[in-house]
Structure formats: structure tokens, C-alpha cells
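In this chain, numbering begins with 1 at the start of the sequence shown. Quick note: numbers below take in every heavy atom, side chains included, and nothing from hydrogens, waters or symmetry partners.
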Amino acid sequence: MAELLCVHNVALGTGAWESALTNTLSPGDRIVSFLIGQFSLLWIDQQQRLNFKVDVVESEWGQGANLDILASKIAEDTAHTIKAVCIVHNETATGVTNNLATVRKILDHYRHPALFLVDGVSSICALDFRMDEWGVDVALTGSQKALSLPTGIGIVCASPKALEASKTAKSVRVFFDWNDYLKFYKLGTYWPYTPSIQLLYGLRAALDLLFEEGLDNVIARHSRLGKATRLAVEAWGLKNCTQKEEWVSDTVTAVLVPPYVDSTEIVRRAWKRYNLSLGLGLNKIAGKVFRIGHLGNLNELQLLGCLAGVEMVLRDVGYPVKLGSGVAAASAYLQNNIPLIPSRV
């Protein structure tokens, strides 16, 4: 069970990354980290700049983390030189979700004491996430994804094992020092620095909405939104960037476009003509994909409006989509799978 919850104001997910790393590790510590897209790449860059020794396990963008390589590294590390395994649960750039339960099984199978650090920025409060069951030592997220708040809060949860590690971690930290948060919590003032009160009121309201719906229902809703979006993409004759069904994300779908279409123009046209916000392809997949986000305070009818907008944009840029095809595929699925609203039964 998590024993520490830090709400870092004006921190974002990037600050939460740094908080997780610097409070549990020392410069020179060996880490295994998975490069599968832009955000895992940025976290690895941070790990290296903080002077950790990073074993980078790289996969083609669109694939999940190579856990067979992790198993080999853990099996070979009988001296326990690996101090942490870092993984992005849901890679937002490619729409890939990794299997955290398997990571925990590997660590347990070889009785390896490495810390398990997880970026849950686009997964926590939307996808199935079991900190205790999967033995996650540090879980982090941001306010701007499933919590549906403005950017500005980095949230970090630490296990007792992570808190114990923080007592000997030698990385320099000031603003993110967990000890300061624990000290001021015990004093009854809760924050060592001036908090963003308006964001905290927003966080309270966001949590109330999640609890009112019920977390299991929230996860099921995101599952429906993800499936409906993928059916629409298929009906358009396009492909998902995610290469296997086991990796598909229920919070974001990265859509591959034909070579003659620039996905950047799709995103630009969607915003300028239809007031529709889509995600760009990033880094290696710039111009090759656009991203449809389907997470947070979003319902099925709102998604259908988004899909209709995407169809119009695709026609605008010269892709011969049949208007209504994706919306029809998504609607047929949703009509058969949306439950009655419990409070209105």
C-alpha cells in the first residue's frame, strides 16, 4: 500500500519523473528503462542527465516494451546491480500500453529487489492500474490526462520500500524532496511550498466525479471508447500505429496515414477549420500519424462527434474516406455495449 502521496504543484509529469528518480536512487545507479516512443525517450534522457547508468531496451515505435530482454537482464544480474526498472505504462506518442503485471512476475520469479517505477501519466484513473497487486514502488501521473484538469500538478505515490530507499538515496533534490513533504505534513501544513489552491480544488472535484462514477465503471468506459475508436479507424481503411492487439491503448489511438498524406496537415486543418484538437505525430513518426485522445471526462457521444470531425478532415486532405463509415462502425459497437446510467435506472 502506498504510504506517501506527493502532490507537486507546478511540476507536470516531467517533475513527477524527477521526483520518483531522485528520491529513490543515487548517481551511478543502474536502471533498466524501455524506449518505445517519445515520452519514454524523454524520461530516459532525464535519467541519463541525472547521472544514472541506464540500460536502454529499445523497441520499434508501435511495439511494447521487450520484456524478454528484461527477463534476461534480471536473470543475469545475480549481484543485484540493477537498482530500478522504469517503464511507461501507456506510451502516449504511439498508443501502446505495457503489461505491468508481467514486469512484476519477472522480478518476483528471480527474487530481484529492484525498485519498480512506473509512469502512469496517461493511464492512471483511466486504465486498470493495481499498485499493490503489481508491486509498483513509485507510480506517478499528471493532472492533465485522466483527471481532466489543466496542466500543473505532478502526483507521485510511493510504497514503503520506496520510502525506505529514499533514506539512503544520494541524488540531489530540493523542490521534490519527499522528506520536506513528510515533515510539513506532520506539522499540519501539508506543503513545504505555496500550493496552487485552485488546482487542488479542481483535483477534489475531479476525484469526486471519478468516485461518483466508480473506478471500475471509469475503466470500462475507457475500454469502450478505445474499442470504438479502433473500429472507426478500421472502417476508414487506416491502420493503428500499435502493432499488436495486446498493446493497444484505451486512452489514445495513433493512426497511421498513407505516404501521400502529411498527418501534420490533418492536425492543423482539424484545429483551424473544425475546432477539433488532435495530437501530432512526434519525432520518428512525425508526419506519419495523428493521435486521437479518448480519456478523461469524455463520453461516447462526444467521441462520435470527434470521429465525425476526423472524417471531414480526412476528406479535406485528399484521403477518400466514406463520410459516416467510422462513425457507423463506432456507433454500432457502442449501441450494443453502453450500459444504463446507474443513477438513472
Side-chain angles (χ1 to χ4, degrees), residues 1-2 5 7 89-90 92 95 97-101 118 120-134 136 139-153 155 157 198-235 240 242 245-253 276-277 279 291-310 324 326-345:
M1 181 177 294
L5 169 63
V7 179
H89 186 195
N90 190 78
T92 317
T97 301
N98 285 307
N99 191 323
L100 301 185
V118 176
V121 169
S122 60
S123 67
I124 291 174
C125 294
L127 305 183
D128 189 17
F129 187 89
R130 308 181 187 189
M131 183 165 181
D132 293 343
E133 182 177 330
W134 296 337
V136 175
L140 62 94
T141 191
S143 54
Q144 76 277 18
K145 292 292 194 296
L147 290 169
S148 304
L149 291 170
T151 54
I153 297 180
I155 300 171
C157 294
Q198 67 272 28
L199 282 174
L200 294 177
Y201 277 121
L203 178 59
R204 176 67 272 168
L207 292 173
D208 287 343
L209 289 171
L210 288 169
F211 295 148
E212 180 182 356
E213 185 176 358
L215 194 54
D216 287 344
N217 294 328
V218 171
I219 294 168
R221 171 168 55 83
H222 282 87
S223 177
R224 291 194 298 273
L225 297 176
K227 178 67 173 178
T229 303
R230 293 189 292 274
L231 288 171
V233 172
E234 183 179 346
N240 196 326
T242 312
E245 184 71 21
E246 67 188 86
W247 294 321
V248 294
S249 169
D250 286 333
T251 60
V252 60
T253 299
L276 174 62
S277 182
R291 293 175 294 141
I292 303 172
H294 34 83
L295 79 166
N297 189 17
L298 177 75
N299 66 33
E300 291 85 353
L301 297 185
Q302 290 171 312
L303 176 67
L304 291 174
C306 168
L307 297 176
V310 172
V327 173
S331 296
Y333 167 76
L334 291 171
Q335 193 271 326
N336 285 313
N337 287 277
I338 298 175
L340 292 172
I341 299 170
S343 63
R344 302 178 189 178
V345 175

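Summarising the geometry of Thr151 relative to Leu199, their closest heavy-atom pair is O-CD1, 4.2 Å, with the distance given to 0.1 Å. Counting all heavy atoms, side chain and backbone alike, Thr253 lies closest to Asn240 at CG2-ND2, 3.9 Å. Counting all heavy atoms, side chain and backbone alike, Ser143 lies closest to Pro150 at OG-O, 2.7 Å. For Leu307 against Ile292, the heavy-atom pair with the smallest separation is CD2-CD1, 4.3 Å. When every heavy atom of Gly142 is checked against every heavy atom of Leu147, the shortest pair comes out as O-CD1, 4.0 Å.
Asn98 contributes no side-chain N or O that, together with a main-chain N or O of Leu100, makes up a donor-acceptor pair within less than 3.5 Å. In this structure a side-chain-to-backbone donor-acceptor pair under 3.5 Å is missing from His89 to Val121. With hydrogens and angles ignored, the 3.5 Å screen pairs a side-chain donor or acceptor of Ser122 with a backbone N or O of Asn90. Within the 3.5 Å criterion, the main-chain N or O of Ala332 finds no donor-acceptor partner in the side chain of Gln335.
Distance check: Arg224 CZ to Asn337 CG gives 7.5 Å after rounding to the nearest 0.5 Å. With rounding to the nearest 0.5 angstrom, the NE2 atom of His222 is 13.0 Å from the CG atom of Asp128. Within the model, atoms CG of Asn336 and CD1 of Ile338 stand 9.5 Å from one another, a figure rounded to the nearest 0.5 Å.
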Using distance only, find each side-chain donor-acceptor pair of residues 228-235 under 3.5 Å and give its atom names and separation, not counting sequence neighbours.
unit_1: Thr229; atom_1: OG1; unit_2: Leu225; atom_2: O; d: 2.8
unit_1: Arg230; atom_1: NH1; unit_2: Gly226; atom_2: O; d: 3.4
unit_1: Arg230; atom_1: NH1; unit_2: Ser249; atom_2: O; d: 3.0
unit_1: Arg230; atom_1: NH1; unit_2: Asp250; atom_2: OD1; d: 3.1
unit_1: Arg230; atom_1: NH2; unit_2: Asp250; atom_2: OD1; d: 3.2

Taking only distance into account, with no hydrogens and no angle test, what donor-acceptor pairs under 3.5 Å do side-chain atoms of residues 202-216 form with protein atoms, sequence neighbours excluded?
unit_1: Arg204; atom_1: NE; unit_2: Asp208; atom_2: OD1; d: 3.2
unit_1: Arg204; atom_1: NH2; unit_2: Asp208; atom_2: OD1; d: 2.9
unit_1: Glu213; atom_1: OE1; unit_2: Arg221; atom_2: NH2; d: 3.1
unit_1: Glu213; atom_1: OE2; unit_2: Arg221; atom_2: NE; d: 2.8

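At a threshold of 4.5 Å between non-hydrogen side-chain atoms, the residues Cys125 and Thr141 do not count as touching. Put simply, the side chain of Thr251 does not reach to within 4.5 Å of the side chain of Ser123, judged on heavy atoms. Here the side chains of Thr92 and Arg291 are in contact, with some heavy-atom distance below 4.5 Å.
Residues passing the ring-ring contact (aromatic ring centres under 6.0 Å, His included) test with His294, sequence neighbours excluded: none. Residues passing the ring-ring contact (aromatic ring centres under 6.0 Å, His included) test with Tyr333, sequence neighbours excluded: none. Among residues two or more places apart in sequence or in another chain, the salt bridge (charged side-chain N to carboxylate O under 4.0 Å, His left out) test is passed with Arg344 by none. Partners of Asn217 under the side-chain hydrogen bond (donor to acceptor under 3.5 Å, both in side chains) rule, at least two apart in sequence or in another chain, do not exist in this structure.
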For this session: Show your working on side chain to side chain contact (heavy atoms under 4.5 Å, CB included) between Ile124 and Ile155 and close with a plain yes or no.
Result: CA-CA 10 Å; Ile124 291 174; Ile155 300 171; over 6 Å; no

Problem set entry | Chi angles and distances behind the side chain to side chain contact (heavy atoms under 4.5 Å, CB included) call for Leu304, Leu334 | CA-CA 10 Å; Leu304 291 174; Leu334 291 171; 4.1 Å; yes

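Between Phe129 and Trp134, the two ring planes are perpendicular [angle over 60°; tilted spans 30° to 60°].
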